[in-house]
Amino acid sequence: MRAKVFVARRIPDAGLAPIAAACEVDVWPERLAPPPDVLRDRVKDCDGLVSLLTDRVDAALLAAAPRLKVVSNFAVGFDNVDVAACAARGVKVGNTPEVLTDATADIAVTLLLAAARRLGEAAADARAGRWLTWEPLGWLGQDLAGRTLGVVGMGRIGLATARRLHRGWGMKVLYTDQADVPVADRDLGAKRVDLDTLLAESDFVSVHAALTLETRGLFGADRFRRMKRTAVFVNTARGPIVDQVALAEALRSGTIFAAGLDVTDPEPLPAGHELYGLPNCVVAPHVASATVGTRDAMARRCADNLLAGVRGEPLPHEVRPAGSGG
Ligand code: DGY
(Lines give C-alpha, C1' and ligand atoms only; values in the text may rest on other atoms or scores of the structure.)
Protein backbone atom coordinates (compact mmCIF):
# COMPACT_ATOMS: atom_id res chain seq x y z
CA MET A 1 0.00 0.00 0.00
CA ARG A 2 1.32 3.45 -0.88
CA ALA A 3 2.17 5.68 2.06
CA LYS A 4 -0.16 8.63 2.63
CA VAL A 5 1.47 12.03 2.87
CA PHE A 6 0.19 15.52 3.56
CA VAL A 7 2.23 18.36 2.08
CA ALA A 8 1.30 21.55 3.89
CA ARG A 9 1.97 23.84 0.93
CA ARG A 10 2.95 23.55 -2.70
CA ILE A 11 6.75 23.08 -2.76
CA PRO A 12 8.95 23.02 -5.88
CA ASP A 13 8.39 20.07 -8.23
CA ALA A 14 11.98 19.00 -7.60
CA GLY A 15 10.67 17.65 -4.29
CA LEU A 16 6.97 17.22 -4.94
CA ALA A 17 7.43 14.98 -8.00
CA PRO A 18 9.43 12.24 -6.23
CA ILE A 19 7.01 12.31 -3.31
CA ALA A 20 4.01 12.06 -5.64
CA ALA A 21 5.67 9.22 -7.59
CA ALA A 22 6.02 7.10 -4.45
CA CYS A 23 3.12 8.13 -2.21
CA GLU A 24 -0.52 9.05 -2.16
CA VAL A 25 -0.21 12.82 -1.76
CA ASP A 26 -2.55 15.51 -0.50
CA VAL A 27 -1.11 18.98 -1.16
CA TRP A 28 -2.59 22.00 0.64
CA PRO A 29 -3.35 24.33 -2.25
CA GLU A 30 -3.66 27.67 -0.46
CA ARG A 31 -1.08 30.43 -0.15
CA LEU A 32 -1.56 30.62 3.63
CA ALA A 33 -0.89 27.76 6.07
CA PRO A 34 -3.69 25.33 6.90
CA PRO A 35 -5.32 26.37 10.20
CA PRO A 36 -4.24 24.04 13.07
CA ASP A 37 -7.58 22.17 13.19
CA VAL A 38 -7.48 21.61 9.44
CA LEU A 39 -3.87 20.44 9.62
CA ARG A 40 -4.83 17.97 12.38
CA ASP A 41 -7.68 16.68 10.27
CA ARG A 42 -5.58 16.30 7.10
CA VAL A 43 -2.76 14.32 8.82
CA LYS A 44 -4.99 12.00 10.82
CA ASP A 45 -4.36 8.94 8.65
CA CYS A 46 -1.03 10.01 7.15
CA ASP A 47 2.34 8.28 7.35
CA GLY A 48 4.28 11.41 6.48
CA LEU A 49 3.98 15.19 6.76
CA VAL A 50 5.84 17.88 4.88
CA SER A 51 5.64 20.92 7.16
CA LEU A 52 6.78 24.51 6.80
CA LEU A 53 8.05 26.90 9.44
CA THR A 54 4.52 28.32 9.60
CA ASP A 55 3.02 24.96 10.65
CA ARG A 56 3.08 24.10 14.35
CA VAL A 57 3.89 20.42 14.87
CA ASP A 58 3.12 19.76 18.52
CA ALA A 59 1.81 17.05 20.83
CA ALA A 60 -1.82 17.78 19.89
CA LEU A 61 -1.07 17.31 16.21
CA LEU A 62 0.87 14.11 16.85
CA ALA A 63 -1.92 12.72 19.01
CA ALA A 64 -4.29 13.23 16.08
CA ALA A 65 -1.98 11.37 13.68
CA PRO A 66 -1.27 7.92 15.17
CA ARG A 67 0.20 6.53 11.92
CA LEU A 68 2.69 9.35 11.43
CA LYS A 69 6.27 8.15 10.96
CA VAL A 70 8.03 11.26 9.73
CA VAL A 71 7.81 15.05 9.76
CA SER A 72 9.95 16.52 6.99
CA ASN A 73 10.33 20.24 7.64
CA PHE A 74 10.91 22.32 4.52
CA ALA A 75 13.49 24.52 6.31
CA VAL A 76 16.76 24.23 8.14
CA GLY A 77 15.21 25.80 11.25
CA PHE A 78 12.81 23.58 13.18
CA ASP A 79 11.56 25.71 16.07
CA ASN A 80 8.02 25.07 14.76
CA VAL A 81 8.41 21.36 15.54
CA ASP A 82 8.30 19.89 19.04
CA VAL A 83 11.15 17.48 18.40
CA ALA A 84 10.96 15.90 21.86
CA ALA A 85 7.24 15.18 21.42
CA CYS A 86 7.99 13.60 18.03
CA ALA A 87 10.74 11.44 19.55
CA ALA A 88 8.41 10.33 22.33
CA ARG A 89 6.05 8.97 19.69
CA GLY A 90 8.78 7.54 17.49
CA VAL A 91 8.17 10.13 14.77
CA LYS A 92 11.35 11.12 12.94
CA VAL A 93 12.03 14.77 12.08
CA GLY A 94 14.04 15.94 9.06
CA ASN A 95 15.29 19.38 7.99
CA THR A 96 17.16 20.88 5.05
CA PRO A 97 20.62 22.02 6.18
CA GLU A 98 23.55 23.18 3.99
CA VAL A 99 21.66 23.83 0.77
CA LEU A 100 20.46 27.27 1.90
CA THR A 101 23.68 28.41 3.57
CA ASP A 102 24.94 30.51 0.66
CA ALA A 103 21.60 32.10 -0.17
CA THR A 104 21.04 33.05 3.46
CA ALA A 105 24.54 34.46 3.88
CA ASP A 106 23.96 36.49 0.69
CA ILE A 107 20.87 38.07 2.23
CA ALA A 108 22.68 38.80 5.50
CA VAL A 109 25.31 40.69 3.52
CA THR A 110 22.66 42.38 1.36
CA LEU A 111 20.81 43.64 4.43
CA LEU A 112 24.04 44.73 6.05
CA LEU A 113 25.03 46.73 2.97
CA ALA A 114 21.56 48.19 2.48
CA ALA A 115 21.28 49.28 6.11
CA ALA A 116 24.84 50.59 6.35
CA ARG A 117 24.49 52.62 3.14
CA ARG A 118 20.89 53.73 3.84
CA LEU A 119 19.78 52.25 0.55
CA GLY A 120 16.12 51.76 1.48
CA GLU A 121 15.77 55.35 2.61
CA ALA A 122 17.75 56.78 -0.32
CA ALA A 123 15.84 54.77 -2.94
CA ALA A 124 12.50 55.73 -1.37
CA ASP A 125 13.52 59.40 -1.38
CA ALA A 126 14.55 59.21 -5.05
CA ARG A 127 11.26 57.57 -6.02
CA ALA A 128 9.24 60.12 -4.05
CA GLY A 129 10.92 63.14 -5.70
CA ARG A 130 13.03 64.06 -2.67
CA TRP A 131 16.28 63.77 -4.69
CA LEU A 132 16.90 67.48 -5.19
CA THR A 133 20.57 67.45 -6.11
CA TRP A 134 23.92 65.82 -5.30
CA GLU A 135 24.38 66.68 -1.66
CA PRO A 136 27.70 66.60 0.22
CA LEU A 137 25.82 65.73 3.40
CA GLY A 138 23.03 63.66 1.89
CA TRP A 139 22.33 60.00 2.82
CA LEU A 140 25.68 59.46 4.56
CA GLY A 141 26.15 55.87 5.64
CA GLN A 142 28.84 53.73 7.22
CA ASP A 143 32.01 52.37 5.60
CA LEU A 144 32.56 48.63 5.58
CA ALA A 145 36.20 48.09 4.65
CA GLY A 146 38.40 47.02 7.52
CA ARG A 147 35.63 47.31 10.14
CA THR A 148 34.66 44.68 12.70
CA LEU A 149 31.92 42.11 12.22
CA GLY A 150 30.33 40.40 15.21
CA VAL A 151 28.68 37.06 14.40
CA VAL A 152 26.21 35.77 16.99
CA GLY A 153 26.18 32.03 16.35
CA MET A 154 29.07 30.77 14.20
CA GLY A 155 27.26 27.87 12.53
CA ARG A 156 27.26 27.22 8.80
CA ILE A 157 25.43 30.42 7.89
CA GLY A 158 27.35 32.61 10.33
CA LEU A 159 30.58 31.25 8.90
CA ALA A 160 29.50 31.82 5.28
CA THR A 161 28.51 35.40 6.14
CA ALA A 162 31.80 36.01 7.93
CA ARG A 163 33.74 34.58 4.96
CA ARG A 164 32.04 36.99 2.57
CA LEU A 165 32.69 40.03 4.73
CA HIS A 166 36.24 39.06 5.71
CA ARG A 167 37.33 38.20 2.19
CA GLY A 168 35.38 40.93 0.43
CA TRP A 169 35.80 43.83 2.84
CA GLY A 170 38.73 42.75 5.00
CA MET A 171 36.58 42.75 8.12
CA LYS A 172 37.93 41.55 11.43
CA VAL A 173 35.61 38.83 12.77
CA LEU A 174 34.46 38.32 16.36
CA TYR A 175 31.89 35.69 17.29
CA THR A 176 29.95 34.11 20.09
CA ASP A 177 29.21 30.41 20.24
CA GLN A 178 29.23 27.62 22.78
CA ALA A 179 32.74 26.58 21.75
CA ASP A 180 35.55 27.75 19.51
CA VAL A 181 34.95 27.16 15.80
CA PRO A 182 38.45 26.20 14.60
CA VAL A 183 37.71 26.69 10.89
CA ALA A 184 36.66 30.31 11.57
CA ASP A 185 39.70 30.96 13.70
CA ARG A 186 42.05 29.40 11.14
CA ASP A 187 40.56 30.68 7.88
CA LEU A 188 39.35 34.10 8.98
CA GLY A 189 41.47 34.87 12.02
CA ALA A 190 38.17 35.05 13.89
CA LYS A 191 38.07 35.28 17.67
CA ARG A 192 35.43 33.90 20.04
CA VAL A 193 34.50 36.47 22.68
CA ASP A 194 31.66 36.96 25.18
CA LEU A 195 28.56 38.74 23.95
CA ASP A 196 29.27 42.01 25.79
CA THR A 197 32.71 42.25 24.18
CA LEU A 198 31.26 41.47 20.77
CA LEU A 199 28.61 44.18 21.14
CA ALA A 200 31.09 46.78 22.37
CA GLU A 201 33.67 46.15 19.64
CA SER A 202 31.63 45.32 16.54
CA ASP A 203 30.59 47.76 13.83
CA PHE A 204 28.19 45.18 12.42
CA VAL A 205 26.33 42.60 14.47
CA SER A 206 24.80 39.72 12.51
CA VAL A 207 22.57 37.15 14.22
CA HIS A 208 22.75 33.51 13.08
CA ALA A 209 21.70 31.62 16.21
CA ALA A 210 18.84 29.13 16.37
CA LEU A 211 15.73 30.15 18.31
CA THR A 212 15.89 28.37 21.67
CA LEU A 213 14.87 29.16 25.24
CA GLU A 214 18.29 30.76 25.68
CA THR A 215 18.17 32.97 22.59
CA ARG A 216 14.52 34.10 22.80
CA GLY A 217 14.60 37.83 23.59
CA LEU A 218 18.42 37.84 23.56
CA PHE A 219 18.50 41.31 21.99
CA GLY A 220 16.71 43.69 24.34
CA ALA A 221 17.27 47.33 25.32
CA ASP A 222 20.40 46.59 27.34
CA ARG A 223 22.07 44.74 24.49
CA PHE A 224 21.38 47.58 22.04
CA ARG A 225 22.78 50.10 24.55
CA ARG A 226 26.02 48.14 24.62
CA MET A 227 26.47 48.49 20.86
CA LYS A 228 28.24 51.39 19.11
CA ARG A 229 26.05 54.31 18.05
CA THR A 230 27.32 53.65 14.52
CA ALA A 231 26.49 49.94 14.69
CA VAL A 232 24.36 48.11 12.13
CA PHE A 233 22.30 45.18 13.39
CA VAL A 234 21.25 42.33 11.08
CA ASN A 235 18.94 39.40 11.84
CA THR A 236 18.42 36.58 9.36
CA ALA A 237 17.82 33.91 12.03
CA ARG A 238 14.47 34.10 13.83
CA GLY A 239 12.37 37.13 14.84
CA PRO A 240 11.76 36.25 18.51
CA ILE A 241 15.49 36.50 19.22
CA VAL A 242 14.94 40.27 19.14
CA ASP A 243 12.74 42.43 21.36
CA GLN A 244 11.29 44.57 18.57
CA VAL A 245 10.02 47.31 20.88
CA ALA A 246 13.58 47.73 22.16
CA LEU A 247 14.97 47.60 18.64
CA ALA A 248 12.55 50.26 17.39
CA GLU A 249 13.49 52.52 20.30
CA ALA A 250 17.21 51.95 19.67
CA LEU A 251 16.76 52.91 16.02
CA ARG A 252 14.56 55.93 16.75
CA SER A 253 16.83 57.32 19.44
CA GLY A 254 20.08 56.76 17.54
CA THR A 255 21.34 54.22 20.08
CA ILE A 256 22.37 52.23 17.00
CA PHE A 257 22.70 53.40 13.40
CA ALA A 258 20.50 51.01 11.43
CA ALA A 259 19.06 47.52 11.18
CA GLY A 260 18.35 44.98 8.45
CA LEU A 261 15.83 42.26 9.23
CA ASP A 262 14.77 39.24 7.21
CA VAL A 263 12.82 37.80 10.13
CA THR A 264 10.36 39.41 12.51
CA ASP A 265 7.91 38.51 15.26
CA PRO A 266 5.21 37.97 14.21
CA GLU A 267 5.53 37.05 10.56
CA PRO A 268 4.25 38.72 8.58
CA LEU A 269 5.00 41.94 10.40
CA PRO A 270 1.64 43.72 10.16
CA ALA A 271 1.25 46.62 7.72
CA GLY A 272 1.79 49.91 9.52
CA HIS A 273 4.19 48.41 12.10
CA GLU A 274 6.54 51.08 13.38
CA LEU A 275 9.64 49.24 12.11
CA TYR A 276 8.42 49.85 8.55
CA GLY A 277 8.19 53.57 9.30
CA LEU A 278 11.74 53.94 10.56
CA PRO A 279 14.01 55.15 7.75
CA ASN A 280 17.00 53.33 9.24
CA CYS A 281 15.33 49.91 9.23
CA VAL A 282 15.18 47.60 6.22
CA VAL A 283 12.61 44.81 6.57
CA ALA A 284 12.52 41.91 4.10
CA PRO A 285 9.73 39.29 4.17
CA HIS A 286 11.80 36.24 5.25
CA VAL A 287 13.35 35.70 1.82
CA ALA A 288 16.84 34.48 2.73
CA SER A 289 16.46 31.09 1.06
CA ALA A 290 14.29 32.42 -1.78
CA THR A 291 16.27 31.60 -4.90
CA VAL A 292 15.13 29.12 -7.53
CA GLY A 293 18.12 26.85 -7.08
CA THR A 294 18.05 26.92 -3.28
CA ARG A 295 14.35 26.20 -2.99
CA ASP A 296 14.74 23.31 -5.49
CA ALA A 297 17.59 21.90 -3.41
CA MET A 298 15.56 22.30 -0.21
CA ALA A 299 12.66 20.49 -1.87
CA ARG A 300 14.90 17.59 -2.92
CA ARG A 301 16.35 17.32 0.58
CA CYS A 302 12.86 17.49 2.07
CA ALA A 303 11.66 14.70 -0.25
CA ASP A 304 14.68 12.53 0.58
CA ASN A 305 13.90 12.83 4.30
CA LEU A 306 10.19 12.21 3.79
CA LEU A 307 10.64 9.14 1.60
CA ALA A 308 13.25 7.62 3.90
CA GLY A 309 10.94 8.21 6.86
CA VAL A 310 7.87 6.58 5.35
CA ARG A 311 10.00 3.58 4.34
CA GLY A 312 11.33 3.26 7.90
CA GLU A 313 14.88 4.06 6.79
CA PRO A 314 17.30 6.50 8.50
CA LEU A 315 16.70 10.10 7.36
CA PRO A 316 19.58 11.68 5.43
CA HIS A 317 19.14 14.84 7.52
CA GLU A 318 17.55 13.98 10.81
CA VAL A 319 16.95 16.39 13.67
CA ARG A 320 17.38 14.71 17.03
CA PRO A 321 15.99 15.96 20.32
CA ALA A 322 18.32 18.14 22.40
CA GLY A 323 20.37 16.02 24.78
CA SER A 324 20.07 12.86 22.68
CA GLY A 325 23.68 13.14 21.56
CA GLY A 326 22.56 13.30 17.93
C1 DGY B 1 14.91 28.13 7.28
O2 DGY B 1 15.11 27.25 6.43
O3 DGY B 1 14.92 27.90 8.49
C4 DGY B 1 14.66 29.51 6.78
O5 DGY B 1 14.29 30.37 7.78
C6 DGY B 1 13.69 29.51 5.62
O7 DGY B 1 14.39 29.06 4.53
Side-chain angles (χ1 to χ4, degrees), residues 7-16 28 31-33 49-58 70-83 86 92-112 151-161 164 206-216 218-219 233-242 244 259-269 282-306 315-322:
V7 181
R9 226 83 85 257
R10 194 172 172 86
I11 63 169
D13 284 342
L16 202 49
W28 181 249
R31 192 168 171 201
L32 297 180
L49 166 65
V50 171
S51 54
L52 272 63
L53 50 86
T54 41
D55 305 308
R56 182 93 208 115
V57 179
D58 55 14
V70 59
V71 173
S72 180
N73 212 38
F74 183 72
V76 65
F78 48 85
D79 45 281
N80 59 307
V81 180
D82 185 337
V83 179
C86 288
K92 291 189 171 157
V93 179
N95 71 338
T96 64
E98 294 147 10
V99 289
L100 45 70
T101 299
D102 284 326
T104 305
D106 288 347
I107 281 287
V109 173
T110 302
L111 286 169
L112 189 151
V151 174
V152 178
M154 190 57 102
R156 281 180 289 257
I157 299 171
L159 181 63
T161 302
R164 284 157 169 73
S206 192
V207 182
H208 300 283
L211 176 63
T212 62
L213 286 176
E214 290 75 40
T215 61
R216 185 174 286 274
L218 182 67
F219 281 89
F233 177 77
V234 174
N235 186 10
T236 53
R238 284 293 183 263
I241 295 174
V242 177
Q244 285 174 181
L261 310 175
D262 186 48
V263 288
T264 59
D265 182 24
E267 293 185 3
L269 196 66
V282 183
V283 182
H286 204 149
V287 292
S289 64
T291 71
V292 176
T294 296
R295 289 283 164 85
D296 279 354
M298 288 169 67
R300 277 192 290 272
R301 198 146 277 199
C302 179
D304 290 347
N305 284 331
L306 189 280
L315 309 197
H317 298 279
E318 183 169 346
V319 175
R320 294 177 201 278

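Just so we're clear, the structure is a prediction, and the values are computed from it rather than from any experiment. Starting from 1, each residue takes its place in the sequence as its number. Note that ligands are numbered from 1 as they come in the structure, with each ligand's atoms numbered from 1 the same way.
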Numbered atoms and elements of ligand 1 in range of [X], under 4.0 angstrom, heavy atoms:
| X | answer |
| --- | --- |
| L100 | 2 (O), 7 (O) |
| G77 | 1 (C), 2 (O), 3 (O) |
| R238 | 1 (C), 3 (O), 4 (C), 5 (O) |

Nearest heavy-atom neighbours spanning A303 and G15
CB-O, 3.5 Å
Minimal non-hydrogen separation, A210 against I241, with atom names
O-CD1, 4.0 Å
Quick check on R10: does its CZ atom have over 12 non-hydrogen neighbours (other residues, nucleotides or ligands) under 6.0 Å away?
no
Among H286, M298, R295, whose heavy atom sits nearest atom 5 (O) of ligand 1?
H286
Counting only heavy atoms, which portion of L53 has something under 4.0 Å from ligand 1: side chain, backbone, both, or neither?
side chain
So does R164 pair up with D106, basic N to acidic O under 4.0 Å?
yes
Taking F74's backbone N and O only, do any of them form a donor-acceptor pair with T96's side chain (distance below 3.5 Å, no angle check)?
no
Donor-acceptor pair, side chain of N235 and main chain of R238, under 3.5 angstrom
yes
Give yes if a backbone or side-chain nitrogen or oxygen of V76 is under 3.5 Å from a nitrogen or oxygen of ligand 1, and no if not.
yes
Considering only the protein, which heavy-atom contact is closest to atom 7 (O) of ligand 1, and what is its distance?
S289 OG, 2.6 Å
